[in-house]
Amino acid sequence: MRQPKKCHHKASDRAYVKINGQRIYLGKWNSQEADDAYDRQILKWRKAKDSSQELTTTVGELCLAFMEHAEEFYRDDAGNQTGEANNYRYALRPLIKLFRNVKCYQFGPSKLIEVRDELAAVHVRQQVNNNLARIKRVFKWGVSQELIPVSVFAALQTVEGLKRSRSKAKESQPVLPVPIDDFNKTLPYLTEPLSRMVQFQILTGARPSEARLLKVGDINTEGEVWLYKPNSHKNKWRGKARIICIGPKAQAVIMPFVEDAVSGAQYVFTPSDSSNQPYSLHGMISSISKACRKAKVESWSPGRLRHNAATSINQAFGDLDASRVVLGHAEKTTTEIYAERDIQKAIEIAKQIG
DNA sequence: ACTCGTTTATGAGATGGAGT
DNA sequence: ACTCCATCTCATAAACGAGT
């Protein structure tokens, strides 16, 4: 709605403004007094308008507005979407399904709990809590955009996440290293580039995407140990650096591809049919799991190779910090996620040797 | 343990080129 | 034209990670 204009009542040489069909006289035309009065009326008008918008916004409208914002907001510095917008889309789905047409000011904690229960029926507990937090954040954003009153958000804040072993939601299972036998049995069923890529990962502890996107020119081959500084990695947005050290074994694995490369812009690992495209994440994953099926071993995913690297470094050096440095973690507590698997292994062994 | 992110995992079906 | 095979796409679930 357009802002009402200040008008001139010529007959009496006064200023007036028409709000909701009503004329309000402001005083002598072109006087300070009239201008001030006009500003006051507009302020009042805007407030009334805003609060009426705050009261009419529905949950569906809020979600829609937020998603438009999210599509633009969650991007890396190359301008590509990071996937967070997608995460929101799925998080908001049950909310929209249940309460699309409810006015936001009528959406209180008990309704949010209903959504939480809906999430708990399908998701792992941690995921329930993550998505619950995302929903709350959408309402927070709504307040910041003056789409809804802050009281709505404040009330929703009182709904807590599900606590361990005190909810219906299932717990997630820990991720373990790939059994080395399975790994070795799978290798022959992979194409050459893929086989070398997974070997590269198990030796260096590189993340799947760090391996996929490795370009020949990214490698500093000056020293005895080569250095690879990925130009995109998980914590770049936080301003962290990441360097992957490529020792002699890993060098041998990628050597043929590095030698064959005609330019530094070439990816080290490329699918057989493409000129110079990296593997897609899903492509490499599904190829690996198909190879596992052929090799008749339980299917494993490339991310787990990072656990293999962590565990073997930990065993070789008996030092958690060694693993931490190689994996590039800032906090030791993060590395402990990986190292704990050793305890699991000890338990398995104890079971057998009594 | 929570917050706010980013990245990886899965499975079924689609696609596109090579070999027959 | 037909089939095989590696890889990709789609939809969505889950794990990883720094900071506090």
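As the structure is a prediction and not an experimental result, all values here were calculated from the model.
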Short heteroatom pairs, N/O only, protein and nucleotides 10-12 of chain B, under 3.5 Å:
unit_1	atom_1	unit_2	atom_2	d
dT10(B)	O4	His282(A)	ND1	3.1

Hey, what are the protein-to-nucleotides 18-20 of chain C N/O distances that come in under 3.5 Å?
unit_1	atom_1	unit_2	atom_2	d
dA18(C)	OP1	Ala330(A)	N	2.9
dA18(C)	OP2	Thr334(A)	OG1	2.8
dA18(C)	O4'	Arg238(A)	NE	3.0
dA18(C)	O4'	Arg238(A)	NH1	3.4
dA18(C)	O4'	Arg238(A)	NH2	3.1
dG19(C)	OP1	Lys240(A)	NZ	2.9

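Rounded to a whole Å, the CD atom of Gln127(A) is 15 Å from the P atom of dA9(B). Remark: P of dA15(C) and CZ of Arg125(A) are 11 Å apart, rounded to the nearest angstrom. Between the CG atom of Asn87(A) and the C1' atom of dA15(C) there is a distance of 12 Å, rounded to whole Å. Between the C1' atom of dA9(B) and the CD atom of Gln201(A) lies a distance of 13 Å, rounded to the nearest Å. Rounded to an integer number of Å, the gap from Arg306(A) CZ to dA9(B) C1' is 16 Å. At whole-Å resolution of the value, CG in Asn130(A) and P in dC2(B) are 11 Å apart. Note: CD (Glu118(A)) to C1' (dT12(C)) measures 15 Å, nearest angstrom. Remark: P of dA1(B) and CG of Leu132(A) are 17 Å apart, rounded to the nearest angstrom.
Distances shorter than 4.0 Å separate some side-chain N or O of Arg93(A) from OP1 or OP2 on dT12(C). The phosphate of dA11(C) has neither OP1 nor OP2 within less than 4.0 Å of any side-chain N or O from Tyr90(A). For dT7(C), one of the phosphate oxygens OP1 or OP2 lies less than 4.0 angstrom from a side-chain nitrogen or oxygen of Tyr279(A). The phosphate of dT12(C) (OP1 or OP2) has no side-chain N or O of His123(A) nearer than 4.0 angstrom. Residue Lys294(A) places no side-chain N or O under 4.0 Å from the OP1 or OP2 atom of dC4(C). Listed pair Arg137(A) / dC4(B) meets the phosphate criterion, a side-chain N or O lying under 4.0 Å from OP1 or OP2.
For Arg93(A), the side-chain contact (heavy atoms from CB on, under 4.5 Å) test picks out Tyr90(A), with sequence neighbours left out. For Ala169(A), the side-chain contact (heavy atoms from CB on, under 4.5 Å) partners are Ala120(A), Arg125(A), Val128(A), Leu162(A), Ser167(A), not counting sequence neighbours. Checked against side-chain contact (heavy atoms from CB on, under 4.5 Å), Ser312(A) has no partners two or more places apart in sequence or in another chain.
More than 12 heavy atoms of other residues, nucleotides or ligands shown are found within 6.0 angstrom of CD on Gln251(A).
Here the rule is side chain to side chain contact (heavy atoms under 4.5 Å, CB included) with Ile254(A), and of Thr204(A), Leu203(A), Val268(A) only Val268(A) fits it.
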Name the atoms and distances for all side-chain donor-acceptor pairs under 3.5 Å in residues 180-189 of chain A, with sequence neighbours left out.
unit_1	atom_1	unit_2	atom_2	d
Asn184(A)	ND2	Ile180(A)	O	3.3
Thr186(A)	OG1	Asp182(A)	O	2.5
Thr186(A)	OG1	Trp300(A)	NE1	3.1

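Arg134(A) comes within contact range of at least one nucleobase, with a heavy-atom separation under 4.0 Å. Among the atoms of the strands shown, none is found under 4.0 Å from any heavy atom of Lys136(A). The residue Asn129(A) sits apart from the nucleic acid: no heavy atom pair falls under 4.0 Å.
Sequence neighbours left out, the pairs with a member in residues 106-124 of chain A that pass side-chain hydrogen bond (donor to acceptor under 3.5 Å, both in side chains) are Lys97(A)-Glu118(A). Each ring-ring contact (aromatic ring centres under 6.0 Å, His included) pair with one or both residues in residues 125-156 of chain A, not counting sequence neighbours, appears once here: Phe66(A)-Trp141(A), His69(A)-Trp141(A), Phe107(A)-Phe139(A). Evaluation of the salt bridge (Lys or Arg N to Asp or Glu O under 4.0 Å) test over residues 286-310 of chain A, restricted to residues two or more places apart or in two chains, returns none. Applying the salt bridge (Lys or Arg N to Asp or Glu O under 4.0 Å) test to residues at least two apart or on different chains, the pairs with a partner in residues 192-211 of chain A are Glu192(A)-Arg196(A), Arg207(A)-Glu210(A), Glu210(A)-Arg242(A). Each side-chain hydrogen bond (donor to acceptor under 3.5 Å, both in side chains) pair with one or both residues in residues 213-226 of chain A, not counting sequence neighbours, would appear here, but there are none.
DNA chain C is contacted by Thr191(A), Leu194(A) of residues 184-200 of chain A, taking any non-hydrogen atom closer than 4.0 Å.
Tyr16(A) and His9(A) have perpendicular rings, their planes meeting at more than 60° on a 0 to 90° scale where under 30° would count as parallel.
The 5' end of DNA chain C is approached more closely, in terms of each residue's nearest nucleotide, by Ser287(A) than by the other of Ser287(A) and Gln126(A).
Between dT9(C), dA9(B), dC16(C), one nucleotide has an atom nearer to the side chain of Ser280(A) than all others, and that is dT9(C).
Using a 4.5 Å cut-off on side-chain heavy atoms (C-beta onward), Pro109(A) and Leu112(A) make no contact.
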